[in-house]
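What follows is a single structure, written as C-alpha cells, with notes after it.
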Amino acid sequence: MAADNTSSMTEFILAGLTNQPGLQLPLFFLFLGFYVVTMVGNLGLITLIGLNSKLHIPMYFFLFNLSFIDFSYSSAIIPKMLMSFVSKKNIISYSGCITQFFFFAFCVISECFILSAMAYDRYVAICKPLLYTVTMSPQVCVFLLLCVYGMGFLLAIVHTGNILFLTFCGENVLNHYMCEFLPLLELSCNSSYMNTLVLCTLAAIAIGVPIVTIFLSYGFILSSIFHISSTEGRSKAFSTCSSHIMAVCLFFGSASFVYLKPPTILPLEWDKVCTVFYTIVVPMLNPVIYSLRNKDVKLAMKKTLGRITFS
C-alpha cells in the first residue's frame with residue numbers, strides 16, 4: 001500500500017513470528033498454551049492476594065499490581081499474535097497499531113518501575129525492619145504505585161508521539177508479530193537520528209532508572225545480610241529476595257538486549273525472539289516464580305483451595 005504520509009496509511013500487515021508454513025500450527029498451539037497459563041497464573045495470583053487478608057501487606061500489594069500488568073500486556077499482544085499463525089494476512093489498522101503500541105509501552109514501562117518499587121520494599125524490610133510499618137505505610141505504597149503508573153503513562157505518551165511523527169511510503173508489511181517501534185522505524189521513509197535518539201533516551205529512562213534503583217537497593221541489602229551473624233538469618237533474608245531477583249534478571253535481561261543496543265548490531269529477527277521472551281514468557285513465569293518460591297503464597301493457596309473443597 002502506497003502512502004505519502006501517516007494520514008493516508010490506513011493499515012499494516014503483521015508478518016508474524018515466522019514465515020515457515022510448517023511451523024504456523026505448532027506455534028499457534030504453543031503460544032495459545034502460553035496465553036492460557038499466563039491468564040490462569042496471573043488472575044489466580046490476583047484472586048489469591050485479594051481473598052487472603054494475611055497477604056494484604058506491601059510486598060503482595062506490589063505483586064498484585066505486577067500480575068495485573070502482566071495480565072494486561074499479554075492480552076494486548078498475544079490474541080493478535082495468534083491470528084498471524086492462522087491468517088494469510090494478519091491486518092491491523094493504523095489506529096489499532098498505535099493503540100496496541102501505547103498499551104504495550106505503558107505496561108512494559110510500568111513493569112520496569114513496579115520491579116524497582118518491589119526492590120525498595122525488600123530494602124526497607126531487610127535493612128530497616130523496625131521502621132518497616134512506618135516507612136511502607138499504605139499512603140507510601142499508594143504514592144509509589146501512582147509514580148509507577150504515572151511514569152508508565154508519561155513515557156508511553158512520549159514514545160507513541162514519536163511514532164506519530166513517522167511517515168510511511170510504499171511497504172506496509174510490518175516485520176513483527178505486534179506494533180513495535182523498531183520495525184515501524186524500519187518501514188518509515190522519514191526516520192531520522194532524532195527518532196532513534198528519542199527511543200534510546202526513553203529506553204535509558206525506562207530501563208536505566210529502575211535498574212539503578214534495584215542495584216542500589218540490593219547493594220544495601222547485601223551489606224545488611226553480611227552483617228547478620230546467624231546462617232539461618234542470612235538464609236531467610238536471601239530467600240525473601242530470591243523470587244524478585246529471578247523476575248528482575250529475566251525481564252531486564254531480555255528487554256535491555258532489545259532496547260539498550262544500537263539497532264544495527266543484530267537483525268530484527270533476533271529482536272523478535274527477545275521480545276517474545278519479555279512480553280510472553282516472562283509474564284507467564286512470574287506467577288510460577290512467586291508461587292513456588294513463596295511459603296506465604298503456597299499456604300494461602302492451600303487454605304483457599306481447602307475452603308473451596310469444603311464448600
Side-chain angles (χ1 to χ4, degrees), residues 1-21 23-24 27 31 73 76-78 80-85 87-109 155-207 253-281:
M1 176 180 292
D4 295 326
N5 51 49
T6 53
S7 62
S8 60
M9 174 63 74
T10 58
E11 62 186 28
F12 294 102
I13 298 172
L14 296 172
L17 192 61
T18 178
N19 57 4
Q20 298 294 321
L23 294 176
Q24 301 295 331
L27 286 175
F31 284 100
Y73 82 79
I77 293 169
I78 301 180
K80 193 65 182 171
M81 179 190 187
L82 292 174
M83 289 182 65
S84 68
F85 296 126
S87 304
K88 289 186 178 179
K89 284 187 177 180
N90 185 19
I91 296 171
I92 186 169
S93 66
Y94 177 79
S95 58
C97 184
I98 297 299
T99 303
Q100 186 193 53
F101 177 79
F102 171 78
F103 281 106
F104 158 72
F106 170 71
C107 291
V108 169
I109 294 166
L155 295 181
I157 284 287
V158 177
H159 214 355
T160 306
N162 197 21
I163 287 180
L164 292 174
F165 281 105
L166 296 176
T167 61
F168 301 94
C169 312
E171 288 282 339
N172 74 328
V173 179
L174 202 62
N175 186 21
H176 216 284
Y177 58 84
M178 68 174 186
C179 288
E180 236 279 46
F181 188 83
L182 291 176
L184 283 167
L185 196 66
E186 194 177 64
L187 274 188
S188 170
C189 55
N190 76 322
S191 60
S192 64
Y193 169 77
M194 188 56 64
N195 295 113
T196 307
L197 181 62
V198 171
L199 170 66
C200 293
T201 303
L202 291 174
I205 295 170
I207 298 176
S254 51
S256 298
F257 187 83
V258 174
Y259 290 107
L260 296 184
K261 68 168 182 61
T264 54
I265 285 185
L266 287 173
L268 201 56
E269 298 300 322
W270 282 94
D271 284 346
K272 283 201 282 187
V273 173
C274 291
T275 307
V276 163
F277 197 78
Y278 80 84
T279 59
I280 296 172
V281 178

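Being a predicted model, the structure only gives us computed values, none of them experimental. Just so you know, these numbers use all the heavy atoms, side chains as well, and skip hydrogens, waters and symmetry mates.
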In short, Glu11 meets Asn172 closest at the heavy-atom pair O-ND2, 3.3 Å
In terms of heavy-atom contacts, Ala156 and Ile109 come closest through N-CD1, 3.9 Å
Tell me whether Lys89 contacts the main-chain N or O of Ala15 through its side chain, where contact means a donor paired with an acceptor under 3.5 Å. no
Counting only N and O atoms by type, is there a donor-acceptor contact under 3.5 Å from the side chain of Asn162 to the main-chain atoms of Asn195?
-> yes
Decide yes or no on side-chain contact (heavy atoms from CB on, under 4.5 Å) for Phe102 and Ile163, but give the supporting numbers first. CA-CA 10 Å; Phe102 171 78; Ile163 287 180; over 6 Å; no
Would you call Phe85 and Leu17 a side-chain contact if the rule is heavy atoms closer than 4.5 Å? yes
Is the ring pair Tyr94/Phe12 parallel, tilted or perpendicular, if the boundaries are 30 and 60 degrees? tilted
Please determine whether side-chain contact (heavy atoms from CB on, under 4.5 Å) holds for the pair Leu197 and Thr201, giving the CA-CA distance in whole Å, both sets of side-chain angles, and the decisive distance to 0.1 Å.
CA-CA 6 Å; Leu197 181 62; Thr201 303; 4.2 Å; yes
Rounded to the nearest 0.5 Å, the CG atom of Leu174 sits from the CG atom of Leu182 at a distance of 10.5 Å
Test item: Val198 and Phe165 side chains (from C-beta on) under 4.5 Å apart, heavy atoms: no
In this structure, CG of Leu199 is separated from CE of Met194 (nearest 0.5 Å) by 13.0 Å
Partner of Asn90 under side-chain contact (heavy atoms from CB on, under 4.5 Å), picked from Leu82, Ile13, Leu14, is Leu14
The reported gap from OG in Ser84 to NE2 in His176 (rounded to nearest 0.5 angstrom) is 11.0 Å
Between the NE2 atom in His159 and the CD1 atom in Ile157, the distance rounded to the nearest 0.5 Å is 12.5 Å
*Expected output: side-chain Ser188 to main-chain Thr167 donor-acceptor under 3.5 Å*: yes
Original post:
With no hydrogens and no angle check, is any side-chain donor or acceptor of Tyr278 less than 3.5 Å from a backbone partner on Val108?
Top reply: no
Which class fits the ring pair Phe104 and Phe101: parallel under 30°, tilted 30 to 60°, perpendicular over 60°?
tilted
Sorted by chain and residue number, the disulfide bond (SG atoms under 2.5 Å apart) partners of Cys179 (sequence neighbours excluded) come out as Cys97
Here the gap from Lys80 atom NZ to Met178 atom CE, rounded to the nearest 0.5 Å, amounts to 14.0 Å
request  = List the steps, then state whether side-chain contact (heavy atoms from CB on, under 4.5 Å) holds for Leu27 with Tyr177.
outcome  = CA-CA 12 Å; Leu27 286 175; Tyr177 58 84; over 6 Å; no
Rounding to 0.5 Å, atoms CD1 (Ile280) and CD1 (Ile78) come to a distance of 4.5 Å
